[in-house]
Amino acid sequence: MIEALKEIETRAKEEALVVRDAKAFEALKNKYLGRKGLFAFLTARISEVAPEERRAVGQEMNRVKQALEEIFSEYGKSLGASGAVYTKEIDTTMPGTYPAAGSLHPLTLVVQEVTSIFERLGFRAVDWFEAEDERHNFDALNIPTDHPARDSFDNFYLDDPVDGERNLLRSQTSTVQIRFMDWVKETKRRPPFKIIAPGKVYRPDATDATHSFMFHQIEGLYVDEDVSFAHLKGVLERFAKEFFGPETMTQFRPHFFPFTEPSAEMDVQWESRGWLEILGAGMVHPRVLRAVNIDPQRYSGFAFGMGVERMAMLKYGVKDIRQFFENDIRFLRQFA
Ligand code: PHE
């Protein structure tokens, strides 16, 4: 009997600690001290106790009854005051704990902003494979078999050539030009189309402040009748002013890419910084169009590819590309 009394005291204490609202508190109080509660149940059985033990049991009953009343009045009070948690141990004047709110990665922010600028210009975002074959990364892009860009030291070739073709992690998002135009052909569609394709690319460069073996590019492609270099310049200039600000100046320098002719690199100048290269571009080479069964007599197009880390570094003043991938929370928090 004495054991049973002690037991309900312990239990009442434990259960009172986890009660979270007034209703549960009332129910609990009733369970122990109510007319049909556990304490009443035990006291009703006092007649079963041997006469010589009744005195001790009676004393214990009084003690436990008092203890229970104390438990419930104590927790009842703190419940009334805070309406929340009812233990004496919790200091409600302490600062609370807040769930950590996440934020978008700076590279995600840049990709989203660039994509939305081009979407407003009528481009549609597409996403394609990171593991590619040589046709999509090189052949169809007019990159000859002996071109140094194919070197195994400059690419992550994957094991097990399939049908004599080696697969690789794409070294440029220009693969998506071919992927998309293949799809246009397969689905019996035809130009015009305007696409923007953000994604990861891989090159086995030694890591330093400006090189990473994985980085991001955003590819653009527009094919239609009578697309000219003037359209290319107009679109990219519009983009630069939207992304870097209305005062931004752009300049095109002649360059070479096997898959565009003529080709150029575009630099931007803004906020008193010097000329900074942000992308490569040009008119889609007729051989590229032919490789995907688009008639270069009838159609022309432009393409461009920009480096996302580069732009993020310029825009946010980040000095070391490695910061994007170290996941240091103090760095990432600044973009919240
Ligand atoms: N793929 C080129 C690079 O990685 C960039 C580019 C894309 C150039 C499209 C011209 C046209 O450097």
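Any value given below was found using the heavy atoms of this structure, including those in side chains, with hydrogens, waters and symmetry copies removed. Here the structure is a predicted model, which means the values were calculated and not measured. Residues: numbered from 1 along the sequence shown.
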Is the closest side-chain donor-acceptor distance between Gln172 and Gln217 under 3.5 Å? no
Which atom of [X] lies closest to which atom of [Y], heavy atoms considered:
X: Arg287; Y: Asn142; answer: NH1-OD1, 3.1 Å
X: Pro106; Y: Phe331; answer: CG-CE2, 4.1 Å
X: Ala312; Y: Leu107; answer: CB-CD2, 3.9 Å
X: Val201; Y: Thr173; answer: CG1-N, 3.6 Å
X: Leu232; Y: Ala303; answer: CD1-O, 4.3 Å
X: Arg290; Y: Pro296; answer: NE-CG, 3.7 Å

Quick one: list whatever passes ring pair (Phe, Tyr, Trp, His ring centres under 6.0 Å) with [X], sequence neighbours left out.
X: Phe129; value: none
X: Tyr222; value: Phe302
X: Phe193; value: Phe180
X: Phe257; value: His255, Phe259

Please round to the nearest 0.5 Å and tell me the distance separating atom [atom1] of [X] and atom [atom2] of [Y].
X: Met214; Y: Glu309; atom1: CE; atom2: CD; value: 6.5 Å
X: Tyr316; Y: Met311; atom1: OH; atom2: CE; value: 10.0 Å
X: His285; Y: Leu141; atom1: NE2; atom2: CG; value: 11.5 Å
X: Met181; Y: Leu289; atom1: CE; atom2: CG; value: 5.5 Å

For residues 225-244, pull every pair meeting ring pair (Phe, Tyr, Trp, His ring centres under 6.0 Å), keeping only residues two or more places apart or in separate chains. Phe118-Phe239, Phe239-Phe243, Phe244-Trp270
So among Leu38, Val64, Ile71, which one has a side-chain contact (heavy atoms from CB on, under 4.5 Å) with Tyr32? Leu38
Taking side-chain contact (heavy atoms from CB on, under 4.5 Å) as the criterion, tell me which of Thr115, Val114, Thr108 meets it with Val111. Thr115
Dump the intermediate steps for salt bridge (Lys or Arg N to Asp or Glu O under 4.0 Å) on Arg203 and Asp205, then the final yes or no. CA-CA 6 Å; Arg203 296 178 193 174; Asp205 290 324; 5.8 Å; no
Can you check whether [Y]'s main-chain N or O pairs, donor with acceptor, with [X]'s side chain at less than 3.5 Å?
X: Asn155; Y: Ala149; result: yes
X: Asp208; Y: His211; result: yes
X: Asp154; Y: Arg150; result: no
X: Arg310; Y: Glu277; result: yes
X: Asp133; Y: His136; result: yes
X: Gln269; Y: Met249; result: no
X: Asn137; Y: Ser171; result: yes

The side chain to side chain donor-acceptor pair (under 3.5 Å) partners of Arg124 (sequence neighbours excluded) come to none
Using the salt bridge (Lys or Arg N to Asp or Glu O under 4.0 Å) rule, take Arg179 and Glu132 through it: C-alpha gap first, then chi angles, then the decisive distance, then the call. CA-CA 10 Å; Arg179 284 282 169 198; Glu132 270 294 2; 2.8 Å; yes
One pair to check against salt bridge (Lys or Arg N to Asp or Glu O under 4.0 Å): Asp328 and Arg330. What are the steps and the verdict? CA-CA 5 Å; Asp328 185 329; Arg330 294 164 301 178; 2.7 Å; yes
What residue among Glu15, Glu7, Glu14 forms salt bridge (Lys or Arg N to Asp or Glu O under 4.0 Å) with Arg11? Glu7
If we check salt bridge (Lys or Arg N to Asp or Glu O under 4.0 Å) with Arg63, which of these qualifies: Glu70, Glu9, Glu69? Glu9
